[in-house]
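Since the structure comes first, as structure tokens, the remarks are kept for the end.
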Amino acid sequence: MSHPENADLTRSTHFINNLIEADRQQGKWDGRVETRFPPEPNGYLHYGHAKSICLNFGVAEAYGGACHLRFDDTNPTKEEQEFVDAIIESVQWLGYDWGEHLYFASDYFEKMAACAEYLIGAGKAYVDSLSAEDMRAYRGTLTEPGKDSPFRSRSIEENLDLFARMKAGEFPDGTHILRAKIDMASPNINLRDPAIYRIRHAHHHRTGDRWCVYPMYTFAHPIEDAIENITHSLCTLEFEDQRPFYDWLLAQLADGGFFPRPLPRQIEFARLNLTYVVLSKRKLVQLVDEGHVDGWDDPRMPTLVGARRRGFTAEGFRLFAERAGVSKSDGWIDMSVLEECMREHLNDTAERRVAVLDPLKLIITNYPEGQSEQCFAPNHPLKPELGQREMPLSRELWIEREDFMETPIKGFRRLFPGNKVRLRYGYVVECTGCEKDAEGNVTAVTCEYFPDSKSGTPGADTYKVKGNLHWVSVAHACQAEVRLYDRLFAYPQPGQRREGGAPELERDFLDDINPDAKRCLTAQLEPSLAQVAAESRFQFERHGYFVADRFDSRAGAPVFNRTVTLKDSWQKSKP
Ligand code: ATP
Ligand code: MG
């Protein structure tokens, strides 16, 4: 995965890399850089996690180090194997490789308990037996110091005995709790004797019923980092106030001979806030559970499994992480930045194809019935090395309904009676009229073609026309389901009060769902699209980038999802 010799090429300049650079210059950890991505297996990864993944793996890659994938599965009740599998698949999909460094925090439970017992023995932890309510009252507030629990002065022997009995399952949930003994008057509330072990009679997805005490996250995380020899532990800003405890805990345990110095260093960065989506697990669960979307991997969902079905690319996410940057203060990134990153990568890599999404028949009345011929279309306008493909042309073609107007509005350059246009890669035709049903709806457009005007033949460019239409031969077309996806929410910050909106009008984020974020069509595709493999990506000319659905698309019966339009249509329509 990592190539230290050309590592500099991938090193971007953000404050985290600057801090790492400084550590290396001081020879800390002998220049080693080791990071981790530590998801809790209680949900699917979302776009925000992609930022953290790109950052952690990217930093390790840039310095020739390793990044661990560690499941932070210290909370027994909410975690499931299903999530573990999906997380592994998503990180791999983003193109990152943890090598042999796949870890589960639950594998460290034994060591964590030993750390806790060491702290008790060193007089740095005690078993408290206050009720949760009393404990809250004793903690104090931001402006008032807390006060000592009456159990704080228990002897080391009593604490060791109580903790052993907690582990042995003698007590029900919530009756006792193990706390670090630091300072109840600390201005930092997180240092007022934080809880480190609680009783929880719960089955764990990996350790089963082995344990009935579980470590608190703030206790477990630093220990996990130290066990794995992490050098730089990157986390989001809300953990800034936890850093003093992180450092305190590891310093105690280093003194106790558990871990060598230098100890891992916690560095906080701003989490990703992205407009037009929600990234809170609770809200994502609600969207799925209440059926507002078709599941976790619905292409509208800001999950990585959703992104994959949507046709977003790993390269696009990496570019996005780079552009969104790493900062020390919270801010919002506009969805258009993410979409533009996907467009850039797809514009470069996706072959061009033709699809008619709203089909109307065009009949070339002077083209012989039963005849057809090939036209040639380049697969990529800027990459001749990608070659070209054949597109059969015949007497009846599908064109877009919007490409014909019986009575043209001003400036309309496509088909209307008397006007000439070019059928892209084919002939110039002149519109002669249209056919209608009893209600007056246009059912077909008629035209005549100029046999000496075929694209690529000598003299073809003597025809000067303003319109250039895409089309598909009716006899050869592949009919297919196409789903047009768009942004899940119609407003930048779902659930937030609108500018100028009445202050008493609290909004629910569900009120801001974009009802047009999914539209299903029956389209007519050029025949070369009939046999494509699932997850193949294309630009459909004039329409945007599309992907063959990962699960529903089959050779012979393709189903396409729109990834993103060709241009941003949201800027001008901003509320
Ligand atoms: P929870 O509330 O369940 O802890 P979480 O979003 O923090 O939710 P984790 O599984 O704990 O989920 O996250 C794994 C890692 O991803 C953490 O290091 C976390 O800081 C990071 N992360 C989560 N959300 C974002 C985000 N929006 N931007 C950047 N990093 C994020
Ligand atoms: Mg978390």
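Both backbone and side-chain heavy atoms feed into the values below; hydrogens, waters and symmetry mates do not. All ligand and atom numbering here is 1-based and tracks the order in the structure.
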Closest heavy-atom pair and its distance - Arg24, Gly31: NH1-O, 2.9 Å

Ligand 1 versus Tyr47: contacting region, heavy-atom distance under 4.0 Å: neither

Numbered atoms and elements of ligand 1 in range of Ser52, under 4.0 angstrom, heavy atoms: 16 (O), 21 (C), 30 (N)

Face-on cation placement of Lys111 at Phe258 ring, 6.0 Å and 45° thresholds: no

Verdict with supporting geometry, Trp93 and Phe317, side-chain contact (heavy atoms from CB on, under 4.5 Å): CA-CA 11 Å; Trp93 176 72; Phe317 272 111; 4.0 Å; yes

Contacting atoms of ligand 1, where contact means under 4.0 angstrom from a heavy atom of Pro38: 14 (C), 18 (O)

Structural part of Asn42 in contact with ligand 1, heavy atom criterion under 4.0 angstrom: side chain

Trp211 and Phe109 aromatic ring geometry - parallel, tilted or perpendicular at 30°/60° bounds: perpendicular

Under 3.5 Å: N/O of Pro39 near N/O of ligand 1: no

Closest to atom 7 (O) of ligand 1 (judged by heavy-atom distance), picking from Glu40, Arg36, Arg271: Arg271

Residue-ligand contact Phe239/ligand 1, heavy atom below 4.0 Å: no

Candidate pair Arg537 and Thr313, rule side-chain contact (heavy atoms from CB on, under 4.5 Å), full reasoning: CA-CA 10 Å; Arg537 300 183 177 92; Thr313 67; 3.4 Å; yes

Contact check: Lys281 vs ligand 1, nitrogen or oxygen atoms, below 3.5 angstrom: yes

Test ring pair (Phe, Tyr, Trp, His ring centres under 6.0 Å) applied to His46 and Trp296, step by step: CA-CA 10 Å; His46 55 60; Trp296 284 100; 9.9 Å; no

